[in-house]
2 protein chains.
Amino acid sequence: MNESLTPPAVTLDEIAKAAGVSSSTVSRILNGTAKVSRAKQQAVEAVIEKFNYRPNVLARSLASGKTETVGVLTQTVASPFYAEWLRGIEDSLHEPGLTPFFMSCRWNVAEEKSRIEQFIARRVDGIIVLHGQLDEASLASFARQTPIVVLGRSLNNVPGLAGLPIDNVQGARDMTRYLIAQGHRKIAFIAGPTTHIDAVQRLLGYRLALEEAGIRFSSQRIEQGDFLEAGGVDAMARLLARKAAFTAIFCANDQTAYGARLTLYRHGLRVPEDVSLVGFDDVPTSQYSTPPLTTIRQPIYELGRQAAAAIVRLIRKEPVTLTPVSLDLIERETVSAPRLPSRSPVPVT
Amino acid sequence: MNESLTPPAVTLDEIAKAAGVSSSTVSRILNGTAKVSRAKQQAVEAVIEKFNYRPNVLARSLASGKTETVGVLTQTVASPFYAEWLRGIEDSLHEPGLTPFFMSCRWNVAEEKSRIEQFIARRVDGIIVLHGQLDEASLASFARQTPIVVLGRSLNNVPGLAGLPIDNVQGARDMTRYLIAQGHRKIAFIAGPTTHIDAVQRLLGYRLALEEAGIRFSSQRIEQGDFLEAGGVDAMARLLARKAAFTAIFCANDQTAYGARLTLYRHGLRVPEDVSLVGFDDVPTSQYSTPPLTTIRQPIYELGRQAAAAIVRLIRKEPVTLTPVSLDLIERETVSAPRLPSRSPVPVT
DNA sequence: TTGTACGCGTTATCAT
DNA sequence: ATGATAACGCGTACAA
């Protein structure tokens, strides 16, 4: 190819020389740190333009001791859910002049820890963790080096560490109550991974609502999913295979609901005419699924903004008080009154 | 709160002192640059452990002149499409020890340029641009400072710059041929943004296939979408409102197809019994939509890996030859033979 | 094998 | 207002 690649970048010193001023003057012009005569100002700016000079961020950070960045740790990047969070974070970090630094750890605790260490090694000003399975002690320990905000978890009040919990129990309870109010009493539930706190809480909310309505909780109507479409497909198939009786299905998240929906379709069961189906999360595509999915809406984008605002306050050493976010039920088109009360739908195949 | 936040981080020098060796020895142990006696080795490692020391990446990069990072520029982050690309890139960059640095520019050319400059200011070793609207001259100019790989575009052979084109024309042509082979002759097309090269190419492929089959291209069957669900909803509604005659609908991407599907549903039209529907991209959720969508598969994840491999070679100043990627048709369940040949479906409302 | 000293590109603290 | 000069934390010739 060509050997003239990546010529040594122009430095501040070279600009200073070319403009006939000291390097401090150039630095001052760059940062507006102090008054500089208009003459020199313009001379320097001309040279900068000519050489197409861009300050080296690394050197700048090393000297100033601040990086103006915040590390954002996601579990996965391949999820509509996380994408919305990131958008909120990015938007909200833009105004305070902070640059987000995204990394993902694929639901792997060891990697989660290693990523956080990488962030710290990069001297980020703060860290936002989305979900996260790291134990609270470790988090608190890391937080002594850099402020951390954890989205989706409730955390004890430690300096430099804040958790923004999401009230999954309330959301799941509301949804279950809603189904009951529509006349359903046999409500199946496709759960998420038992290792996932959100999944556990949603199952709990479902159970609580049943009990308060005097409906017996039956493990016969519970199936295990994995928060992904594939898990929904399989769980739904198992539910049908064992001829569980239900008139509605509550899925632990929207992706699970999509999977369940496909299996129902394969069995010739219509939604919502034959069976009602609901999800949880309200990912962006849920309003466009066919039919549009009734679900519990997490204000994902807004949560991202809140997390960003919180980390900014933490960085500025201002107090933060995060209140649990409540979730709203979004009524769309996958629920109707039970077709045949107290009779299970008959699988076609 | 508490004032003991972010205590000044431990430095290499302090480790050296505490271990009773020179700083260079610590550095050598950290990087394995030279042989060090086992005694000192262990002493230093003990101290590092004790102080929980983590080298400052900034200082390290500044001194070594290399950052071991690559900037990844996406147009948006809120898309299943980009998520898969990122996953491929991340996975593939992991092994060479490079850290990706994600930023998005929201389809804004000015921001795209500014982001690239930020990457360069951060002295990334290389840049991967996903799509990108920046003109080739600017890209070539940037490439003189840092190698760049652009995914989804064909680029002239400039040193340090490589484009990985995607054959959208072929993909769209194949899909159209497939529909024709199933007996369809009145095929509607919901296009993407005319500013988007991919969208233009897909429309072209559709047109070429029609012409080679001796079918008249009719603008009556073309509607404008926006590559998002909302655009698909509206475009489909317009198509129906104007009573355009068609037995199949080819959408410029999967998201558009989801929107169109919803409008069809609202009008009581079944897919594929009443009308066939196909998309383009094969985003991860397409195999789980109801019914699963017939579409053109882009090997998105694999493309991400290829881009990463390419930038690695570019960084190492090795030659790269990128060949256009061909796209495969994924036959699923949204296409059937036309129900009423040469008669348009009758909208219910 | 180990230590000294300098350089990386910038900011910040002094004088002037 | 401006300019030397010392950090910032680390890598690395060079010397020992």
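All values below were derived from every heavy atom in this structure, side-chain atoms included, with hydrogens, water molecules and symmetry-related copies excluded. Every chain is numbered from 1 and lettered A, B, ... according to where its sequence line falls, protein lines coming before strand lines. Bear in mind the structure is a predicted one, so any value in this text is a computation, not a measurement.
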Student: For the helix from C:dT1-D:dA16 to C:dT16-D:dA1, what angle lies between the axis at the first five pairs and the axis at the last five pairs, to 10 degrees?
Tutor: 40°
Student: Compute whether any side-chain donor of one residue and acceptor of the other, for A:Glu302 and A:Gln306, lie under 3.5 angstrom apart.
Tutor: no
Student: On the nucleotide D:dC10, are OP1 or OP2 found under 4.0 Å from the side-chain N or O atoms that B:Tyr53 carries?
Tutor: yes
Student: Look at the side chain of A:Ser27 against the base of C:dA12 and say whether a donor-acceptor pair falls under 3.5 Å; ignore hydrogens and angles.
Tutor: no
Student: Please work out if A:Ser24 contacts a base, only the sugar-phosphate, or nothing of the nucleic acid, heavy-atom cut-off 4.0 Å.
Tutor: base
Student: Under 3.5 Å, is there a donor-acceptor pair between the B:Thr25 and B:Ser22 side chains?
Tutor: yes
Student: So, is B:Lys40 near the phosphate of C:dG3, with a side-chain N or O under 4.0 Å from OP1 or OP2?
Tutor: yes
Student: Do A:Ser141 and A:Ser138 have a side chain donor and acceptor closer than 3.5 Å?
Tutor: no
Student: For C:dG3, does either OP1 or OP2 sit under 4.0 Å from a side-chain N or O belonging to B:Ser22?
Tutor: yes
Student: Take the protein atom NZ of A:Lys17 and the nucleotide atom P of C:dG9, then report the distance between them rounded to whole Å.
Tutor: 11 Å
Student: Hey, are B:Glu90 and A:Ser104 close enough side-chain-wise for a donor-acceptor pair under 3.5 Å?
Tutor: yes
Student: Can you tell me the distance, in whole Å, between the CG atom of B:Leu58 and the C1' atom of C:dT11?
Tutor: 14 Å
Student: Using whole Å, what does the distance between atom P of nucleotide C:dT1 and atom CD of B:Gln41 come to?
Tutor: 12 Å
Student: Establish, with yes or no, whether the OP1 or OP2 oxygen of C:dT11 is under 4.0 angstrom from a side-chain nitrogen or oxygen of A:Asn31.
Tutor: yes
Student: Rounded to whole angstrom units, what separation is found between the CZ atom of A:Arg28 and the P atom of D:dT5?
Tutor: 15 Å
Student: Please tell me which of A:Ser23 and A:Lys35 maps to the more 5' nucleotide of DNA chain D, matching each residue to the nucleotide holding its nearest heavy atom.
Tutor: A:Lys35
